[in-house]
Amino acid sequence: MVETAAALRTVARNVRAARTRAGLSLEELSRRSQVSKGALVALEKAQGNPNLATLVRLADTLGISVSALMQGPSEGRVRIVDADAVAPLWTGERGGEARLMLTTSGPAPVEVWRWRLEQDETYPSHPHQAGVVETVSVTSGRMVLIVDGVEHTVEAGQTATFDADAPHTYRGSGTETCSLIMTVHLPPGPASTT
């Protein structure tokens with residue numbers, strides 16, 4: 001519970017700082033991100049429990065990565081992250097999960113995620129800002145990637161990439177758990193640096 005409270009304080013500080021840097025009022029950030037003003041006020045006070053969709057909407061609106069909302073100060077030149085040390089940002093009804101492992105620094109950051117999807121478990125994602133590209137590498141099992149309503153089966157050992165500014169969904173398929181590594185390539189720009 002202490003780790004959760006500390007993580008929420010970090011998110012609160014980072015959202016407030018990014019909103020201030022962008023010159024946005026709470027009302028304007030609410031309008032642009034489609035996150036209620038009440039939820040934003042609570043978040044900036046380190047209250048509530050924002051879900052992954054809320055964090056993605058805020059990050060996209062602020063032009064930064066999701067992990068930039070969650071990270072504390074830089075730890076040095078090399079970062080090694082243990083999957084067990086990272087809490088899931090999404091947990092499915094059948095036990096699947098998504099963990100944001102880290103985000104690279106620089107003018108065009110890349111988020112690295114570990115996902116696990118059980119059979120028929122789905123995660124629908126809202127479109128991201130223009131220029132965001134997602135790449136999915138299935139390490140075991142099988143998934144169905146749905147982009148703009150079109151289904152694509154991605155098997156173990158295969159990698160798919162797509163422009164993520166369209167609605168997209170991940171769905172576990174087959175009889176075994178689907179494990180995958182997803183990268184989110186953010187567009188370059190002054191607001192997207194971490």
* Pairing residues for T61 by the side-chain hydrogen bond (donor to acceptor under 3.5 Å, both in side chains) criterion, not counting sequence neighbours -> none

* **side-chain hydrogen bond (donor to acceptor under 3.5 Å, both in side chains) against E176, all qualifying residues, sequence neighbours excluded** => none

* Residues clustered with I146, ILVMFWY side-chain links under 4.5 angstrom -> V144

* Is R32 salt-bridged to E28, going by a charged N under 4.0 Å from an acidic O? -> yes

* So, does S30 use its side chain to make a donor-acceptor pair with the main chain of L26 at under 3.5 Å? -> no

* When you measure from the side chain of T161 to the backbone N and O of E134, does any donor-acceptor pair fall under 3.5 Å? -> yes

* Asked: Any ion pair linking E121 and R171 (charged N to carboxylate O, less than 4.0 Å)?
  -> no

* Does T91 have any side-chain hydrogen bond (donor to acceptor under 3.5 Å, both in side chains) partners at least two apart in sequence or in another chain, and if so, which? -> none

* Asked: At their closest point, which heavy atom of L180 faces which heavy atom of L117, and how far apart are they?
  -> CD2-CD1, 4.1 Å

* Structure fact -> Under a side-chain separation threshold of 4.5 Å, the hydrophobic residues clustered together with V150 are none

* For the side chain of E111 and the backbone of L102, is there at least one donor-acceptor N/O pair under 3.5 Å apart? -> no

* **Partner residues of T153 under the side-chain hydrogen bond (donor to acceptor under 3.5 Å, both in side chains) criterion, sequence neighbours left out** => none

